[in-house]
Protein chains: 2
Amino acid sequence: MADLLSVAKLAGVSRATAARAFSSPELVRPETRHKVLEAAHRLAFRPNNVARQLRAQTTKMIGVMVPSLDNPVFAEQLQAMEVAARASGYSLIVTTSEYDASRESEIVEEMLRQRVDGLVLTIADADRSEVLAKLHREVCPYLLVYNQPEAADIPTIGVDNRAAVAEATRHLIALGHHRIGMVAGSLLQSDRARLRYEGYRQAMCDHGLTPRPLIEMPRHTQAELACLEPELSGHDGLTAVICTNDLLAISLIGELQRSGRSVPGDLSVMGFDGINLGHCLYPSLSTVEQPRVEIGRSAVQILLAMIRGETPQPLPLPHALREGESVGAPPTSRQVLVTRNPQRNTP
Amino acid sequence: MADLLSVAKLAGVSRATAARAFSSPELVRPETRHKVLEAAHRLAFRPNNVARQLRAQTTKMIGVMVPSLDNPVFAEQLQAMEVAARASGYSLIVTTSEYDASRESEIVEEMLRQRVDGLVLTIADADRSEVLAKLHREVCPYLLVYNQPEAADIPTIGVDNRAAVAEATRHLIALGHHRIGMVAGSLLQSDRARLRYEGYRQAMCDHGLTPRPLIEMPRHTQAELACLEPELSGHDGLTAVICTNDLLAISLIGELQRSGRSVPGDLSVMGFDGINLGHCLYPSLSTVEQPRVEIGRSAVQILLAMIRGETPQPLPLPHALREGESVGAPPTSRQVLVTRNPQRNTP
DNA sequence: TTGTACGCGTTATCAA
DNA sequence: TTGATAACGCGTACAA
């Protein structure tokens, strides 16, 4: 690939002049500039960003790490980040950690070697992270997304998980539900999971209701009906559940329907995240919406401010309770058929 | 950030020796090596990849462009690519084009300036693309994904769209459907869309059935029931539709159910792509599965081979007809109530 | 307005 | 086994 020197030669000027024709065209005589651009065109010259980055000591690149792109909540946030970044002239290096702590470390190390100008990370557990310890010693600006660490000095953007789930719980209680459960994926060791459960527990207690133990599914985003079934029958069977993510909720609804149950007729199901797909389904998903687009956009803006040397104070973004068709009043029949087999539509 | 020279000084050796301690440790005396590593540690030295890239004239980076990450078919493919790339020591620069031709050009230009070692692209229309014209003149290895250009000399990986939809159509016909329609998103100008419709048309004709005009939705991934409704009633109302992507199919199913119709009771709905979520729903989505993970993995492998200077011949990957619950036999009642209002469950 | 010369941090070649 | 030196391609302070 042609370089500036060959362009300069062909144009009959020095390399410096050729360089200026690109970086500060106003400093070069129009006639000369034209000669340079003409030569560049003939040689199919394309500025070498790597050299420019080395020289300028800045890459205009942001390193992004998310747990997985198979979950739309991250893909949708990433989509927003990419648009925002490019609008500001930045590119994204994208990696996935699969919630693996050692991969998290390797990835961040690699991105630091790449001299990214900043990092946007979603880590497995912000309260027990080697990555954070490492970044603490570095000078590279970084920002967590979705995480909600206990330590106050870690820049983070996302919703208040505890308050969000508490609100969702109160919503169900207001509808008349008393026997509410919480369904989680297999990934327990996460700051968000702890806070979400805590929000549920708190809201239940505040209303004099008994919080149940977390119902844990073997996989992170796929519900297993067998794990839930024991909690559904009997005199204290659940009438509503809150899932820790939308994929879990959606697959749970599917499983319930396939088993002949009705949602929300037999069980109200609430999700968490607000992924786009939830709108489209029938019943549409009731969920706690994290403003994924705003989170992505704003993560980029805040990080860029940090890169400029400012010290913005990221605020929690507001969640929104999105009411859908998957949540309704508790079944009245249940109160009659208390200790016996609950009514079901067989398939 | 500390550089190699300062490490060398602290260790009391030359820069060359310090460099060797990292790149070819066996060439340096253990004692010396230890001194260097010790110094590097004390200075928190981290190799500068940018400098290395400039020197080595290779970035170990792959440029990736997809239309959007809001559609899981691309996010899931990207997830697979990222894993495969990192396993081979490559990083991904990820961009989204939003099916915009001018953005496509800018993005590719920017990635070429970044001196990526290769490109993996999904473009809007492989038969009318400035991007391909540009790449044709460049030396940068590239590979299309999902695209299916007419020109045979363009390296591509994906399924045979025509054959895939033809098979889906035959599947519906075999179930007894005669009045089958095809529902597309708003994005008509795409190589895939043309071939998929062509596959549908061909299969219909082969069985002596009349292909219908494409039913076009105002948005790409969200069905609008009003656009379909006219085709559902009357003596020749549709009994089955094939959607050009899964999101369209899923949202259509939702709309149909919300309007009191049953799927597949009143209308069989088939998707295209095979996104993970389709499994979880009830009814589960019948769809033509593109092997997204295999496509992503294999795109990286093939591109890396091209980067090594080989000339692999990418073969079409096999699609799979994934039978779900959203497709069944055509409603028998319809044959009785021919010219009158078809039976419906009111909500 | 243009040219000269240096440095960004690394690796590879050649000598010692 | 180690050291000196020259690139990689670009931007810019300084001089002309």
Side-chain angles (χ1 to χ4, degrees), chain A residues 1-40 43-61 89 110-117 139-140, chain B residues 1-40 43-61 89 110-117 139-140:
Chain A
M1 169 115 348
D3 66 345
L4 262 182
L5 185 55
S6 38
V7 171
K9 279 180 182 162
L10 181 58
V13 300
S14 76
R15 181 176 41 202
T17 302
R20 272 189 288 259
F22 288 97
S23 58
S24 2
E26 71 282 2
L27 292 183
V28 65
R29 191 155 46 108
E31 193 185 345
T32 318
R33 188 196 318 156
H34 185 72
K35 276 194 302 184
V36 173
L37 296 180
E38 169 68 17
L43 293 175
F45 168 75
R46 186 165 1 248
N48 185 327
N49 252 349
V50 176
R52 184 184 304 219
Q53 287 160 1
L54 178 60
R55 173 61 226 238
Q57 295 289 287
T58 167
T59 52
K60 292 272 190 180
M61 302 219 280
E110 179 61 23
M111 287 176 158
L112 291 174
R113 295 187 176 197
Q114 189 55 50
R115 298 301 192 266
V116 295
D117 288 349
V139 286
C140 184
Chain B
M1 168 117 347
D3 67 345
L4 214 38
L5 186 55
S6 37
V7 171
K9 279 181 181 161
L10 181 58
V13 299
S14 76
R15 179 175 45 198
T17 301
R20 271 189 289 260
F22 290 98
S23 59
S24 358
E26 72 281 4
L27 292 184
V28 65
R29 191 156 46 105
E31 192 185 347
T32 319
R33 187 197 317 157
H34 185 71
K35 276 194 302 183
V36 172
L37 296 181
E38 169 69 16
L43 293 175
F45 168 75
R46 179 172 297 122
N48 185 327
N49 252 348
V50 177
R52 184 186 307 226
Q53 287 161 1
L54 178 61
R55 175 61 226 236
Q57 295 289 287
T58 168
T59 52
K60 292 273 191 179
M61 303 218 278
E110 178 62 24
M111 287 176 158
L112 290 175
R113 294 188 177 196
Q114 189 57 51
R115 298 300 194 267
V116 294
D117 288 347
V139 285
C140 184

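Keep in mind that the numbers below use all heavy atoms, side chains included, and drop hydrogens, waters and symmetry copies. Proteins get letters first, then strands, A, B, ... in listed order; numbering begins at 1 in each.
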**Request:** Show your reasoning for whether side-chain contact (heavy atoms from CB on, under 4.5 Å) applies to Val50(A) and Gln114(B).
**Result:** CA-CA 6 Å; Val50(A) 176; Gln114(B) 189 57 51; 4.0 Å; yes
**Fill in**
With a 4.0 Å cut-off (strictly under) to non-hydrogen atoms of chain A, the first and last hit nts on DNA chain D, 5' to 3', are dG9(D) to dA13(D)
**Item:** Gln53(B) CD - dC8(C) P separation (whole Å)
**Value:** 19 Å
**Message:** Using 0.5 Å steps for rounding, measure from the CZ atom of Arg55(B) to the CD atom of Gln57(B).
**Reply:** 9.0 Å
**Message:** Under 4.0 Å, heavy atoms only, any strand: does Val50(B) hit a base, just the sugar-phosphate, or nothing?
**Reply:** nothing
**Request:** Write down the distance between CG (Leu43(B)) and C1' (dG9(C)), rounded to a whole number of angstrom.
**Result:** 15 Å
**Residue mapping more 5' on DNA chain D - nearest nucleotide basis, Ala18(B) or Ala51(B)** = Ala18(B)
**Item:** Partners passing side-chain contact (heavy atoms from CB on, under 4.5 Å) against Arg29(B) (at least two apart in sequence or in another chain)
**Value:** Glu31(B), Thr32(B)
**Prompt:** Quick one: what's the B/S/- string for nucleotides 11-16 of chain C, heavy-atom cutoff under 4.0 Å, read 5' to 3'?
**Reply:** BS----
**Item:** Residues forming a side-chain contact (heavy atoms from CB on, under 4.5 Å) with Arg52(B), sequence neighbours excluded
**Value:** Pro47(B), Asn49(B)
**Message:** Roughly what angle, to 10°, lies between the helix axis at the start of the helix from dT1(C)-dA16(D) to dA16(C)-dT1(D) and the one at its end, five pairs per end?
**Reply:** 40°
**Asked** Say you draw a straight line from CZ of Phe22(A) to CZ of Phe45(A); how long is it, rounded to the nearest 0.5 Å?
**Response** 5.0 Å
**Asked** Do Arg115(B) and Met61(B) come within less than 4.5 Å of each other through their side chains, counting heavy atoms only?
**Response** no
**Message:** Within the 4.5 Å heavy-atom criterion, are Met1(B) and Asn48(B) side-chain neighbours or not?
**Reply:** no
**Message:** How many whole angstroms separate atom CZ of Arg46(B) from atom P of dT10(C)?
**Reply:** 12 Å
Side-chain polar contacts of residues 2-13 of chain B - donor-acceptor pairs under 3.5 angstrom, sequence neighbours left out - could you list them?
| from | atom 1 | to | atom 2 | distance (Å) |
| --- | --- | --- | --- | --- |
| Asp3(B) | OD1 | Ser6(B) | N | 3.2 |
| Asp3(B) | OD1 | Ser6(B) | OG | 2.7 |
| Ser6(B) | OG | Asp3(B) | N | 3.2 |
| Ser6(B) | OG | Asp3(B) | O | 2.8 |

**Fill in**
In terms of heavy-atom contacts, Lys60(B) and Asp117(B) come closest through N-OD2, 2.8 Å
**Prompt:** Between CZ of Arg20(A) and CD of Glu26(A), what distance do you get to the nearest 0.5 Å?
**Reply:** 11.0 Å
**Request:** For Thr32(B) and for Arg115(B), find the nucleotide of DNA chain D with the closest heavy atom, then tell me which residue's nucleotide is more 5'.
**Result:** Thr32(B)
